[in-house]
Amino acid sequence: MSTTSFLRRVRSLLRIRNQLVRECLAELLATFVLIIITLSSSAQKITSFEVKGNLLTSYLGGALAVMVGIYTAGGISGAHMNPAFSFAMCLIQQFPWWKFPIFVVVQTLGSFISAGAVYILYYDAIWHYSNGTLTVTGPRETASIFATYPADYVSIANGFLDQVIGTGVLMVGVMGIMDPRNKAVPKGLEPVVVALLVLSIESSMGANCGCPLNPARDLGPRLFTYVAGWGPEVFR
């Protein structure tokens with residue numbers, strides 16, 4: 001058997017024919033890529049004294065992560081990567097409601113796995129920076145690598161409003177980019193324009209709460225920090 005025919009046979013055996021399974025795996029991979037780049041950018045900002053405090057590094061990493069995630073799975077699952085976006089698609093009847101809870105679970109799972117990968121990748125840096133203590137607050141806290149936390153002056157109501165407005169701007173922007181009746185974006189460059197949209201929102205609305213704009217991006221990694229040693233303080 002030639003190498004070509006062998007590889008063709010292997011591809012045939014491994015091919016996933018169920019469309020829902022294909023979409024879920026694509027969504028899982030896209031969310032994983034999005035969050036691992038986003039959290040790694042945050043880890044560099046917090047644990048590295050050379051780039052500490054450089055918000056542009058973190059914001060740029062998060063925006064480019066969106067672009068890579070869309071290119072990874074946009075043609076299969078739509079690369080939602082965000083329960084808020086899946087919900088918006090359901091509201092305008094571009095996505096079936098019965099798939100919504102499935103995608104939310106897959107997106108949250110992808111975020112959780114990404115947080116674990118970042119913890120492994122930056123394990124030494126996290127423990128060196130934190131002096132061996134995993135904390136949520138204080139000068140050497142590391143929980144904000146994984147989840148977003150509001151500034152000390154932000155109330156719960158203001159934080160809620162912050163996320164409603166920020167996520168709303170994101171949804172309106174993405175809908176405008178996707179609308180074929182609107183001013184068209186060159187085909188294939190939609191992910192780049194969405195990344196620029198995310199970067200603009202993060203740069204202008206990130207001070208209050210860190211600008212997660214994505215329930216899965218926050219909840220999955222926060223659950224990981226809860227079980228990985230930061231404890232229940234991550235939910236307070």
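Heads up: numbering here begins at 1 and tracks the sequence. Heavy atoms only: backbone and side chains are in, while hydrogens, waters and symmetry mates are out.
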Would W97 and F87 count as a close aromatic pair, with their ring centres under 6.0 Å? yes

What closest approach, in Å, do L134 and A228 show between heavy atoms, and which atom pair accounts for it? CD1-O, 4.0 Å

Hydrophobic cluster identity match, Y123 and I36, side-chain contacts under 4.5 Å: yes

Would you find a donor on one side and an acceptor on the other, under 3.5 Å apart, between the side chain of S203 and the backbone of S200? no

Do V169 and M205 make a side-chain contact, defined as non-hydrogen atoms from C-beta onward lying under 4.5 Å apart? yes

Just wondering, do F85 and V174 contact through their side chains at under 4.5 Å, heavy atoms? yes

Any idea how F224 and W230 line up, ring-wise: parallel (<30°), tilted (30 to 60°), or perpendicular (>60°)? tilted

I need the single residue from I165, V198, N214 that forms a side chain to side chain contact (heavy atoms under 4.5 Å, CB included) with L170. Which is it? V198

Report yes if some heavy atom in the side chain of I102 is under 4.5 Å from a heavy atom in the side chain of E23; otherwise report no. no

Can you see which heavy atom on E202 is nearest to which on Y59, and at what distance? OE1-O, 2.8 Å

Taking I120 as the starting point, is it possible to reach I113 by hopping between hydrophobic residues whose side chains are less than 4.5 Å apart? no

Could you tell me which non-hydrogen atom of G176 sits nearest to which non-hydrogen atom of N182, and how far apart they are? O-ND2, 3.4 Å

Are the side chains of Y149 and D218 in contact, using a 4.5 Å heavy-atom criterion? no

Any donor-acceptor pair under 3.5 Å linking the side chain of N82 with the backbone of L213? yes

Would you indicate whether F160, at its atom CZ, is surrounded by more than 12 heavy atoms from other residues, nucleotides or ligands within a distance under 6.0 Å? no

Looking at L13, I'd like to know if its CG atom is crowded, meaning that more than 12 non-hydrogen atoms belonging to other residues, nucleotides or ligands lie closer than 6.0 Å. yes

Starting from the C-alpha separation in whole Å, work towards a yes-or-no answer on side-chain contact (heavy atoms from CB on, under 4.5 Å) for L64 and I37. CA-CA 8 Å; L64 293 177; I37 296 175; 5.7 Å; no

Can you check whether V105's main-chain N or O pairs, donor with acceptor, with Q107's side chain at less than 3.5 Å? no

Could you check if a side-chain atom of I126 sits within less than 4.5 angstrom of a side-chain atom of F146, using non-hydrogen atoms only? yes

Can you find a heavy atom in the side chain of M178 that is under 4.5 Å from one in the side chain of M89? yes

Can you confirm whether more than 12 heavy atoms, excluding those of Y71, are under 6.0 Å from its OH atom? yes

For I76, is there any backbone N or O sitting under 3.5 Å from a side-chain donor or acceptor partner on R22? no

Tell me whether I156 is reachable from F235 by hopping between hydrophobic residues (I, L, V, M, F, W, Y) whose side-chain heavy atoms are closer than 4.5 Å. no

Minimum heavy-atom separation for F100 and C90, please, with both atom names. CB-SG, 3.9 Å

Residue Q93 excluded, over 12 heavy atoms near CD under 6.0 Å: no

Would you name the heavy atoms of Q163 and C211 that are closest together and state the gap between them? NE2-CA, 4.1 Å

Under 4.5 Å between any side-chain heavy atoms of V33 and M81, yes or no? no

What I'd like to find out is whether the side chain of H80 reaches to under 4.5 Å of the side chain of F95, using heavy atoms alone. yes

Can you name the one residue among L28, V106, I35 that meets side chain to side chain contact (heavy atoms under 4.5 Å, CB included) with S111? I35

Regarding W127 and T142, do their side chains bring together a donor and an acceptor under 3.5 Å, going by distance alone? no

